[in-house]
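Data first, discussion second: the structure below is written as C-alpha cells.
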Amino acid sequence: MTPAELAEAVLAAAHAVFADRGLDRSALPEQTTVERPRNPEHGDYAATLALQLSKKVGVPPRELAGDLAAQLASTPGIKSVEIAGPGFLNIRLDAAAAGQLARTIVAAGAEYGRGDLLAGLKINLEFVSANPTGPVHIGGVRWAAVGDALSRLLRATGADVGTEYYFNDAGSQIDRFARSLLAAAKGEPAPEDGYGGAYIAEIAAQVTARRPEVLSLDDAAAQEVFRVEGVELMFTEIKSSLRDFGVEFDTYFNEKDLHDRGELEHALTRLREQGHVFDADGATWLRTTDFGDDKDRVLRKSNGEWTYFAADCAYYLDKRERGFDRVVIMLGADHHGYIGRMKAMAACFGDDPAQSLEILIGQLVNLVRDGAPVRMSKRAGTVITLEDLVDAIGVDAARYALARYSSDSPIDIDIELWTRATRDNPVYYVQYVAARTASVGRNAAEVGLTRGEADAFRPELLDHDKENELLKALAEFPAVVAAAAELREPHRVARYLEDLAGAYHRFYDNCRILPRGDEEVTDLHRARLWLNDATRVVIANGLYLLGVSAPERM
RNA sequence: GCGCCCGUAGCUCAGCGGAUAGAGCAGGGGACUUCUAAUCCCAAGGCCGCAGGUUCGAAUCCUGCCGGGCGCACCA
C-alpha cells in the first residue's frame, strides 16, 4: 500500500463517517495526505484529518478520530489505528501490504515517481542565459544545475517543458567584447571598460587564424569581424562546456533575431494597444507603475535606440506567442530588482502575471578552498567559471552540490569536502548506495539468488524494523517529486535521497540479503533482494532528476 | 530611504500549520576473518534573532523591530 492509497482510504473512511453521522460532506476536502512521523511510536503513518475537520463540523477531534479509526480498522492492509494526542490517527500497515511496494517499484522502474500533477501545462524554462562575452561563470553554473534539474522534475510531473538559453548578442556588452578582442589581436592593452583574462587573447588568436586578413582592415571593420567571429566562438564554447556538464537546451534564442524580425516594434504595438505606452522627454515609455512597479520604464531612448527592457518585453511576448502558458525565468540575486518591472510588463500585455510569469531568484555561489573563497580563475581572471568548478570537484559533485541547497541561500562550495570519499560528502554517500545495491545484485546472481517470479514474492517477510523504515522511505519518493516540482525546489530531491541512503545503509547493516556460505536460499533472501533492487531503482530515478550518475561500481 | 533574500546545535544546513525541532561535520565512546567499513551504532549538544498577533496547534502564516547579504539607470 502506498501513502497515496492510504490517504484515499482515510478520505473514504471520512465519507462513511460523515454519512453515518449525517454531517455535511461538502466540508470534506478533495484530497488528503498522510505523514511519515519522525517518532516510530507514532505509527507508520499519521493522519491529521480529524483535527482539520473537527471545527468545521462541530465535533470534538478525538470523537471524530475515534469514528475514523473504527472505519479504517477494517481496511485491508491496515494492521492497527490508534488515536493519539489531540486527535491524530496513528496508522500501522501489515508487513505484507507495506512490502508489496518493493514489487510495485521494481515493476515501474524508471516510471516510479513520475506523475501527472502538472499535466497539460506548457512551461518555458529559461536559465543560464549568460552573455557570450566570456565563459559561463559560477553564478550561471548554479542555474545550469538547478534549472536542468527543475526541467527534469517538471517533465516528471507531466508538464510540457521547453528549456531555453537567451543568447544576448546585441548591445554594448558585445561591443566591449569586440573592442577587447581587437585590442588583444593588435597586442594593445585591454580597453578601460573592456574584458580581461587569458580567454580574450585565445579567442582573438582563433579569430585571426580563421580570418587572417582582419588585421589589415580598418578598426571599425576589424571590430565587426571580431564581434561576429568572437561571439560565435564564445557561444560554441559555452554550449560545449554546458554539454559536458550534462545540460542541453531545446532552444538557443538570439536576441539579435528579435531585432531583425521586428519583434520589438511588434511588442511596442501590442503594448500601445493595451494603453500603457506614453511618450515623454523624447523617449517612449511603458507605464509599468500601472501594475505596481516603482517607476515607469523606457522602451526606446530619446536617441532612438531600444532599451534592453524593450527586448525583454519582445522576448516575453515571443514566448507567449509560441504557446507557452507559463514563462519561468531563473535569475541571480543581483537581478531581483527586475521582478517588479517584469511582472508589470506581463500585466501590460494583458496577462495575469501570477499565472503567466514566474521569476526565480538564486543567491550567489562561492568556491571555497581552505576556508577562503577562490576569487580568480586561471583563464577568465576575476570570475570563477564552469570549468574551474568542474576541474575542482567533477561534474557529479558539482551538479549535486549546486542542487542540494535551497536557491534562497547563498552557498560556499568547499573543494576539499566535495572531493572527499566519505560520509560527509553527500554525493558520495548517495552514490555509494547505487554502487552497493548494484554490487549486491551482481553477487546475488553469482550465488544463484534471484528475485524469482513476482507471484512468489512474500512481502510479509519484510517485517524487520529497518526493512519497514526503508519501505516507508521508498514510498515517499512520488510525493517528494511532486512537491519539488510544484515548489520549484530540486534540493528536496537531494535531501530525500540522503534520507533514503541512510535508510538503506541501516537496512544493509542489519539485514543480511545474500545467503552466507552454504546456506540455502530462502524466501527471505528473495524478499530482501526485491527491496535491494527497489532501492536501486529509486536512487537511480532520483539521481537522474538531478542529472547525477548512479554508478554500478565505485 | 525603498525593495528582495537570510537569521534554527560550536560550524554547514534540512524542516510548503502538527506530536518530544532534525541531519552531517567538529569534539567523546563503540562495531571491520564485510553481501563494498566510501558503512553503521551510542552518548552529548537548542530562549528556532526579539516582541506581538492569527490558530485546537507556529521554526513555519501576519505585523513591527534588530542583525547580515544583495539590489534600486533613457547600463547591459
Side-chain angles (χ1 to χ4, degrees), chain A residues 35 37-39 41-42 46-48 51-52 54-55 60-61 84-88 90 131 133 168 170-176 255 280-285 294-312 332-340 361-364 404-412 414 417 420-426 428-429 431-433 435-444 446-447 449 466 483-484 486-487 489 491-492 494-496 498-499 501-502 504-516 525 528-529 532 553-554:
Chain A
E35 294 163 26
R38 187 55 70 181
N39 186 339
E41 285 173 24
H42 295 149
T48 57
L51 287 163
Q52 288 156 20
S54 87
K55 193 162 191 193
F88 292 101
N90 293 340
N131 286 349
T133 52
N168 190 300
S172 64
Q173 303 278 7
I174 297 293
D175 292 339
R176 284 170 49 196
E255 180 189 357
D281 309 325
T284 306
W285 299 66
D294 49 6
K295 60 190 75 161
D296 293 324
R297 306 290 169 175
V298 171
L299 292 167
R300 182 141 54 180
K301 305 181 211 174
S302 50
N303 67 6
E305 284 176 20
W306 295 101
T307 60
Y308 188 87
F309 179 64
D312 285 341
D334 51 341
H335 287 75
H336 79 254
Y338 285 32
I339 297 176
I361 296 298
Q363 300 298 317
L364 305 178
R404 110 177 257 268
Y405 300 91
S406 160
S407 296
D408 285 339
S409 58
I411 45 182
D412 289 336
D414 185 311
L417 170 68
R420 217 181 280 169
T422 58
R423 172 74 177 90
D424 27 324
N425 179 348
Y428 276 88
Y429 187 67
Q431 286 187 313
Y432 185 52
V433 173
R436 243 188 181 178
T437 52
S439 167
V440 169
R442 286 190 299 270
N443 294 339
E446 209 160 287
V447 301
L449 170 63
K466 304 300 180 194
E486 195 171 22
L487 297 168
E489 293 184 347
H491 76 272
R492 286 169 184 274
R495 301 295 176 150
Y496 163 78
E498 290 164 32
D499 186 56
Y504 176 80
H505 287 310
R506 287 187 286 275
F507 156 72
Y508 179 92
D509 230 56
N510 284 273
C511 303
R512 177 84 194 182
I513 301 165
L514 303 182
R516 292 174 195 273
H525 295 130
R528 285 177 171 168
L529 188 60
N532 179 78
R553 295 170 203 272
M554 285 172 74

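FYI, side chains are in, hydrogens and waters are out, and symmetry mates aren't considered; it's all heavy atoms of this structure. All figures in this text were calculated on a predicted structure; none of them were measured in a lab.
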Using salt bridge (Lys or Arg N to Asp or Glu O under 4.0 Å) as the criterion, list what pairs up with [X], not counting sequence neighbours.
X        : answer
A:Glu305 : A:Lys301
A:Glu255 : none
A:Arg492 : A:Glu489
A:Asp312 : none

Worksheet entry | Residue list, side chain to side chain donor-acceptor pair (under 3.5 Å) with A:Arg300, at least two apart or on another chain | none

Worksheet entry | For A:Ser439, all residues meeting side chain to side chain donor-acceptor pair (under 3.5 Å), sequence neighbours excluded | none

Worksheet entry | Sugar-phosphate only, base, or nothing, as touched by A:Ala170 at under 4.0 Å among non-hydrogen atoms | sugar-phosphate

Worksheet item: How would you label the contact of A:Thr422 with the nucleic acid (heavy atoms, under 4.0 Å): base, sugar-phosphate, or nothing?
Response: sugar-phosphate

Closest approach to the side chain of [X], judged atom by atom: which nucleotide of [options] is it?
X        : options                : result
A:Lys295 : B:rA19, B:rC72, B:rC40 : B:rC72
A:Asp294 : B:rU39, B:rC35, B:rC72 : B:rC72
A:Asp334 : B:rC74, B:rU39, B:rG71 : B:rG71
A:Met554 : B:rA38, B:rU20, B:rU39 : B:rA38
A:Glu41  : B:rC70, B:rU39, B:rU20 : B:rU20

Practice prompt. Dot-bracket for RNA chain B, please, read 5' to 3', with Watson-Crick or G-U wobble pairs under 3.5 Å on both distances, ( ) within the strand, [ ] crossing, | other strand, . unpaired.
Written response: (((((((..((((....[...))))..((((.......))))......(((((..]....))))))))))))....

Worksheet item: Who passes ring-ring contact (aromatic ring centres under 6.0 Å, His included) against A:Phe309, sequence neighbours left out?
Response: none

Throw together a table of side-chain donor-acceptor distances under 3.5 angstrom for residues 504-513 of chain A, partners on residues two or more places apart or in other chains.
| from | atom 1 | to | atom 2 | distance (Å) |
| --- | --- | --- | --- | --- |
| A:Tyr504 | OH | A:Asn532 | OD1 | 2.6 |
| A:His505 | ND1 | A:Arg436 | NH1 | 3.1 |
| A:Asn510 | ND2 | A:Arg506 | O | 2.8 |
| A:Arg512 | NE | A:Leu514 | O | 2.8 |

Practice prompt. Round to the nearest Å and state the distance from A:Trp306 atom CH2 to B:rA73 atom P.
Written response: 22 Å

Worksheet entry | Under 3.5 Å donor-acceptor pair, A:Asn90 side-chain atoms to B:rA19 base atoms | yes

Worksheet item: Looking at residues at least two apart in the chain, or sitting in another chain, which of them share a side-chain contact (heavy atoms from CB on, under 4.5 Å) with A:Ala483?
Response: none

Response to the item:
Nucleotide by nucleotide, nucleotides 8-17 of chain B touches protein heavy atoms under 4.0 Å in the pattern (B base, S sugar-phosphate only, - none) -----SSSB-

For [X] and [N], are the ring centres under 5.5 Å apart with planes inclined under 30°?
X        : N      : answer
A:His335 : B:rG71 : no
A:Tyr508 : B:rC35 : yes
A:Phe88  : B:rA19 : yes

Any N/O pairs under 3.5 Å between the protein and nucleotides 55-57 of chain B? List them or say none.
| from | atom 1 | to | atom 2 | distance (Å) |
| --- | --- | --- | --- | --- |
| B:rC56 | OP1 | A:Lys55 | NZ | 2.2 |

